[in-house]
Amino acid sequence: MSTSAASHLSPAFPERAAWGTADKLRAWQAEAVAQYLDTLPRDFLAVATPGAGKTTYALRLATELLGRGIVRRVTIVAPTDHLKTQWADAAARVGIRIDPRFTNAQGRHNAEFDGVAVTYAGVASKPLLHRARTEAAPTLVILDEVHHGGDNLSWGDAIREAFEPATRRLALTGTPFRSDTSPIPFVRYEEDGDGIRRSASDYAYGYAEALRDGVVRPVLFLAYGGAMRWRTRAGDEIAARLGEPLTKDATAHAWRTALDPSGEWIPSVLRAADKRLTEVRRGVPDAGGLVIASDQTNARAYARVLESVTGQKPTVVLSDDSGSSRRIEEFAEGEQRWMVAVRMVSEGVDVPRLCVGVYATSTSTPLFFAQAVGRFVRARRRGETASVFLPSVATLLEHAAHLEDERDHALDRPKKPGEESMWAPEEGLVADANATKTEADADQLSFEALESDAEFDHVLFDAQQFGLNADVGSPDEQEYLGLPGLLEPDQVATVLRQRQARQKPSRRAKEASAPVSAHRALAAQRKELNKLVSAYARKSGAPHAVVHSDLRRHCGGPALDQATSEQVGARIEAIRRWFVGRR
C-alpha cells in the first residue's frame, strides 16, 4: 500500500477530483491526520460534513497504521451493501485490498485481501464471529456513519461485542446527531452545563468551514407550497394551503397530498426542477438531478412524469441490491439527466455530478434531511452551486435554515410527546420505503389525496428568503430558476438580492394597475406580513408573537388587527431589512 497514493486519492468518485484536491490532501484532512498520528489513540471520532472527504482521510490513516505495523487487518463497517463496494474501490486506489463480498457464512476472509467491508446489519447478526476475526490479528476497524451503531439497542451491543478487542477504531460521521437516546458505540460522551451527556468529537469539520474553503457547494433551497384537498377516513373533504400555518395533522396530510403523483404539485415541481437543471448544465454540462421518493410506488410514478417532461427515461433505484448499485455507478459515470431513488442514495453514496434535487419524501428528521442534502454539496470546481426543491413545510425549512449548525448526539434528554415515531431507526424507514404500498394499507384507508397545485413560495439561501409572492410560472419564478449554475457563494447572495429588488417594483406596479377594495388590499398586506414574520421566526428562533411585538415597538402603531395599511406596509419594509441584517 502507499501513503503517497492515499494523499493523491480524490474523495470524489468515480474519476472526478473535487476542485483543488487532486494532488494533495485537503487542509482539514492533513490537519486531522497529523492530530491522530501525534497520539495514535485507540478510539477516534472524526465528524466531517457530507462531501468533505472522510473516505480519503480514513484510508490515509489506514495506510499509515498498516505501514507502521500497528495493525495487520482492516475491517470497514458501512450502512449499505453499495457503500461496501464503494469503500473497496477507494481502498484499491491506495493499495489496500478490501473484500466487499465477504459474508458471515465464509467465516474468514480470503488471504489475498487485507480486510473486509461489512454492513452494520451483518455484524449485528453474528457479533461473535466478527469478534473472533478481530482477535485473530491486530485490526483497524473503520466505522463509517457510526451513528447507525445506535439504530437500536441490540445493534449497539453487537458492535461493542464484535469490535471491543480491536487495536484501533476510527469512527466517521457527517451527521452525528440523533433525536433518540440510544448510545453510539465507541463514542465518548461529556456532560454539558445542563447535566446532559453529549457526543464529543476528536476532530470536527463543519459545513460552514467547508463552504468557506470551497470544499462544498452553497445550496439554494426552492420552496413550493400550493392549494391541497384531501378526504379523511370519516369522509370529510378538507382544503388547506401548504406553506401556511396548519395543525400538525393538517400539515402532514397537505404534505402527503402534494407528494401524490396524481395531483398537479409533483408534475409542476418536477418541471421547474428540470428547467433549473437545464440552466445549471449551461455551466456544468454533466450536471445530474435526483428525486428522493418516499416509496417504490411513488418513485415509479415520478419516473413516468420525468420521462414525459424530458423525453428521457430516468434511472430508477428502488432497493439496495447489486442491480441498484450498478445503476448508481452507471449514472455517476454517465450524463443522464435524472435519477429517482427510494432512500438508498440518501447517505454516503458518491455521485459528484448531482447538482439539482427534489425532496419528494415525507421524512422529516434532521438526520435524514442532512444526509439527503449531502448528496448535492460535493464541489468539483469553483462556483458550482446546488439547488434542492422542497415542499414548503416549516420543519423542512427549519432544517434548511440551520444547515450550517453543528449538532451533537445528546443522551439523558427527555423525550417529547410523539417523538419516538418521528425518529424511527433508519433501517426500519428503509424497509418501509422499499415495500410497495397497496390499497389495503391501513394508513391509505384513513386518507385520500384529491387534488393539488403548486405555487412558488421563495428561495432560501444562507437562512434568508428571496422571491416571496412570485407566482408559479411567472417571470419572477423563471428568474430564480434561471440563476447561473456557476457562482461563488457571495455572488449567489448578490444576484438574489438584485432579483428580489427587481421583483418588488414590478409586483407593486401590477397591484397598482388593478384597483382593489381597501379591505382586500389590507388583508393581503397582513397575509404578507404574517408570512414574513413566520419566516423570520424560523430564522431567528423567536416566537411569532415576539417578532410581531418587536416590529410594533420598532415601527410604532397599534396591534396588527387595528393597524392601517400604511402601518402594516412600514412593518413589511422593516422586517425585510431585518432579513439582511439592517435593523
Side-chain angles (χ1 to χ4, degrees), residues 177-181 221 223-260 263 265-266 269 292-295 298 359-370 372 389-402 407 410 413-426 428-429 432-433 437 441-455 457-458 460 465 527 530-548:
F177 51 94
R178 302 174 61 90
S179 177
D180 60 23
T181 54
F221 292 100
Y224 280 73
M228 308 293 151
R229 191 165 64 87
W230 64 91
R231 182 179 291 116
T232 68
R233 187 173 188 173
D236 298 326
E237 290 192 9
I238 307 294
R241 302 192 70 80
L242 190 67
E244 295 186 355
L246 300 171
T247 65
K248 182 179 177 181
D249 287 344
T251 296
H253 286 148
W255 188 352
R256 287 182 56 190
T257 301
L259 299 182
D260 188 293
W265 193 92
I266 277 289
V269 171
I292 300 177
S294 291
D295 56 64
N298 280 353
Y359 195 88
T361 173
S362 55
T363 305
S364 60
T365 69
L367 175 64
F368 183 84
F369 184 85
F389 289 72
L390 300 173
S392 193
V393 175
T395 303
L396 297 184
L397 295 175
E398 183 177 355
H399 297 339
H402 291 88
R407 299 175 177 85
R413 182 187 49 75
K415 287 187 178 181
K416 299 175 183 177
E419 184 177 67
E420 186 173 350
S421 61
M422 182 178 178
W423 281 89
E426 283 293 306
L429 291 173
D432 181 62
K437 304 297 181 184
D441 190 304
D443 190 44
Q444 292 293 332
L445 291 175
S446 65
F447 167 88
E448 181 187 359
L450 297 177
E451 62 181 2
S452 64
D453 61 37
E455 289 183 1
D457 269 0
H458 61 270
L460 181 66
Q465 292 182 317
K527 180 179 177 182
N530 282 326
K531 199 169 186 179
L532 287 165
V533 166
S534 177
Y536 191 79
R538 285 196 298 269
K539 177 185 176 183
S540 65
H544 291 205
V546 172
V547 179
H548 273 297

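Hydrogens, waters and symmetry mates play no part in the numbers below; they use all other heavy atoms, side chains included.
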* Can you check whether Trp230 reaches Asp260 side chain to side chain, under 4.5 Å on heavy atoms? -> no
* **Beyond-backbone contact of Tyr359 with Val393, side-chain heavy atoms, under 4.5 angstrom** =>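 When only atoms from C-beta onward are counted, Val393 and Tyr359 do not touch, as no gap falls below 4.5 Å.
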* Asked: Relative to the ring of Phe369, is the ring of His399 parallel (under 30°), tilted (30 to 60°) or perpendicular (over 60°)?
  -> tilted
For residues [X] and [Y], report the shortest heavy-atom separation together with the two atoms involved.
X      : Y      : answer
Pro543 : Ala537 : C-CB, 4.5 Å
Leu397 : Leu460 : O-CD2, 3.8 Å
Ala254 : Leu246 : CB-CD1, 4.2 Å
Val547 : Tyr536 : CG1-CD2, 4.0 Å
Met228 : Ser452 : SD-CB, 3.3 Å
Glu451 : Thr257 : O-CG2, 3.4 Å

For the pair [X] (side chain) and [Y] (backbone), establish whether a donor and an acceptor sit closer than 3.5 Å, ignoring hydrogens and angles.
X      : Y      : value
Thr395 : Ser364 : no
Trp265 : Ala227 : no
Ser362 : Arg256 : no

* Asked: Roughly how far apart are Glu448 CD and Arg229 CZ, rounded to 0.5 Å?
  -> 9.5 Å
* Asked: Once you round to the nearest 0.5 Å, how far does CG of Leu242 lie from CG of Asp453?
  ->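 Between Leu242 CG and Asp453 CG, I get 10.5 Å after rounding to 0.5 Å.
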* In sequence, state the C-alpha distance, the side-chain angles, and the governing distance for His253 and Ile238, and then conclude on side-chain contact (heavy atoms from CB on, under 4.5 Å). => CA-CA 9 Å; His253 286 148; Ile238 307 294; over 6 Å; no
